[in-house]
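Data block below; observations after.
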Amino acid sequence: MVKTIEWKDNTVRMLDQTLLPNKVVYKTYRDYKAVADAITRLVVRGAPAIGVAAAMGVALGALKIKAKDIPTFKKELTKVTQKLAASRPTAVNLFWAIERMERFVEESTTTNVEVLKKKLIAEAKRVLREDIAINKLIGKNGGELIKNNWTILTHCNAGSLATGGYGTALGVIRGAKAAGKKIKVFADETRPVLQGSRLTAWELMEDKIDVTLITDNMAGALMHQGLIDCVVVGADRIASNGDVANKIGTYSVAVLARAHGIPFYVAAPLSTIDTNIKTGEEIPIEERSSTEVTHVQGKRIAPLKCKVRNPAFDVTPAWLVNGIVTEKGVVKAPYKSGIKKLFKK
Ligand code: MRU
């Protein structure tokens, strides 16, 4: 399984996903500002992986703080968390991880700054370890929904690369395979940033999972021909009512799946569910640079000065979702009560 991110000798080591699949390059980060920049530039991407990077970014920032007393340390740490929180707006795991690190500081009883720094590093490493364990549970729970000999369509990349490891949507695929099922995958290429072709196809091929790449506009025709048995995607943020924000194009796939009577599943950890918001309408959607649309790999493919829209995510309403696969089990409609139950201790 490919390693996306790790804490090594007081640095953060991340696979540069902007270079995949042509180059496999690991970069070393010593500064939290560089981690924030790496999140913005998609060196590390995918909601849970962004969360892990943010937790490690907080630990990196903490290491550099020179304050000798806890109140000054806390004040300095606010600059670190604010910078990291501004890196991307949609994936709630970013804010979840930062808040977890802040809560850890608040709840710590130590009066020694150096001790607190060490504990923050341990907490960031725990965020990574827990994420991998959670994904394996998602894989096990979701794997049970997949029948032998099924062909699954996925959109974007919700695999090892998008998480601490194992993946959410691709975790479900790995879980089904681990349970002995024969499965095949269609990967949407996922314009404009091509996470499907550059990352999902690469990751599944590395793992010897049968994957066929298609362009986004092919999914409907393949469904019509009866070649797709179910859709599994990840999520960047899920509202209390089950509305799901995920990579742009997910909504179109969900509509197509419903039109063809194909189940549409979302796989995500509880850290992706934002219980502070009621519906998907409240989810902030990142609008990225127009060059992602006007250029492919540095080459212009649109007229100069052409007007462009580039929302990086869309919201799939809960009524199009057949189930949300979490580490605590599969939630089905009605989502409001099902999601509430997930958070009951
Ligand atoms: O812009 P990205 O590549 O960060 O978008 C990623 C996605 O939309 C994923 O599907 C989502 O974060 C789930 S990752 C397990």
Side-chain angles (χ1 to χ4, degrees), residues 2 4-5 14-18 20 38-54 87-97 128 131-132 134-139 142 153-175 187-200 202-204 216 231-238 244-254 264-274 280 283-289 292-293 310-316 321 324-327:
V2 57
T4 304
I5 180 166
M14 294 195 281
L15 177 57
D16 185 345
Q17 299 190 32
T18 65
L20 285 172
I39 295 172
T40 306
R41 289 194 310 106
L42 312 182
V43 167
V44 61
R45 31 67 50 203
I50 291 171
V52 175
S87 59
R88 286 191 85 185
T90 304
V92 76
N93 303 62
L94 173 75
F95 310 99
W96 170 88
L128 171 61
D131 185 58
I132 299 171
I134 285 169
N135 293 335
K136 290 190 173 158
L137 288 173
I138 290 174
L153 174 72
T154 190
H155 188 75
C156 193
N157 173 268
S160 287
L161 290 166
T163 61
Y166 203 75
T168 54
L170 299 193
V172 169
I173 285 162
R174 290 190 168 98
D188 274 348
E189 76 171 342
T190 318
R191 269 286 284 156
V193 182
L194 305 173
Q195 288 93 334
S197 61
R198 294 189 306 104
L199 310 177
T200 296
W202 180 79
E203 174 179 335
L204 292 178
D216 301 323
V231 178
V232 187
V233 297
D236 287 86
R237 197 186 291 228
I238 300 173
V244 175
N246 190 48
K247 178 53 55 196
I248 191 76
T250 302
Y251 170 60
S252 316
V253 177
F264 177 90
Y265 295 117
V266 174
L270 263 56
S271 53
T272 299
I273 301 176
D274 186 351
I283 300 176
I285 301 293
E286 178 181 15
E287 184 96 20
R288 292 185 64 85
S289 161
E292 288 181 351
V293 177
N310 187 18
F313 302 94
D314 59 27
V315 176
T316 299
V321 179
I324 300 175
V325 185
T326 75
E327 64 270 36

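Atoms within a ligand are numbered from 1 in the order they appear, just like the ligands themselves. Residue numbers count from 1 along this sequence. This one's a predicted model, so the numbers in the text were calculated from it and none came from an experiment.
Looking at Q195 and R45, their side chains never bring a donor and an acceptor atom within 3.5 Å of each other.
For R198, there are no salt bridge (charged side-chain N to carboxylate O under 4.0 Å, His left out) partners at least two apart in sequence or on another chain. Listed by chain and residue number, nothing satisfies the salt bridge (charged side-chain N to carboxylate O under 4.0 Å, His left out) test with D216 (two or more places apart in sequence, or in another chain). For S271, the side chain to side chain donor-acceptor pair (under 3.5 Å) partners two or more places apart in sequence, or in a different chain, are N93.
Here the shortest heavy-atom pairing between F264 and V233 reads CZ-CG2, 3.7 Å.
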Name each N or O atom in ligand 1 that is under 3.5 Å from a protein N or O, and give the partner atom and the distance.
from: ligand 1; atom 1: 1 (O); to: R88; atom 2: NH1; distance (Å): 3.4
from: ligand 1; atom 1: 1 (O); to: R88; atom 2: NH2; distance (Å): 2.8
from: ligand 1; atom 1: 1 (O); to: K247; atom 2: NZ; distance (Å): 2.8
from: ligand 1; atom 1: 3 (O); to: R45; atom 2: NE; distance (Å): 2.8
from: ligand 1; atom 1: 3 (O); to: R45; atom 2: NH2; distance (Å): 3.3
from: ligand 1; atom 1: 3 (O); to: Q195; atom 2: NE2; distance (Å): 2.9
from: ligand 1; atom 1: 4 (O); to: G46; atom 2: N; distance (Å): 2.9
from: ligand 1; atom 1: 4 (O); to: R88; atom 2: NH1; distance (Å): 2.7
from: ligand 1; atom 1: 8 (O); to: D236; atom 2: OD1; distance (Å): 2.8
from: ligand 1; atom 1: 8 (O); to: N246; atom 2: OD1; distance (Å): 3.1
from: ligand 1; atom 1: 8 (O); to: K247; atom 2: N; distance (Å): 3.2
from: ligand 1; atom 1: 10 (O); to: N246; atom 2: OD1; distance (Å): 2.6
from: ligand 1; atom 1: 12 (O); to: A47; atom 2: N; distance (Å): 2.8
from: ligand 1; atom 1: 12 (O); to: D236; atom 2: OD1; distance (Å): 3.3
from: ligand 1; atom 1: 12 (O); to: D236; atom 2: OD2; distance (Å): 2.9

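Between atom OG1 of residue T90 and atom CD1 of residue I285 there is a gap of 5.0 Å, rounded to the nearest 0.5 Å.
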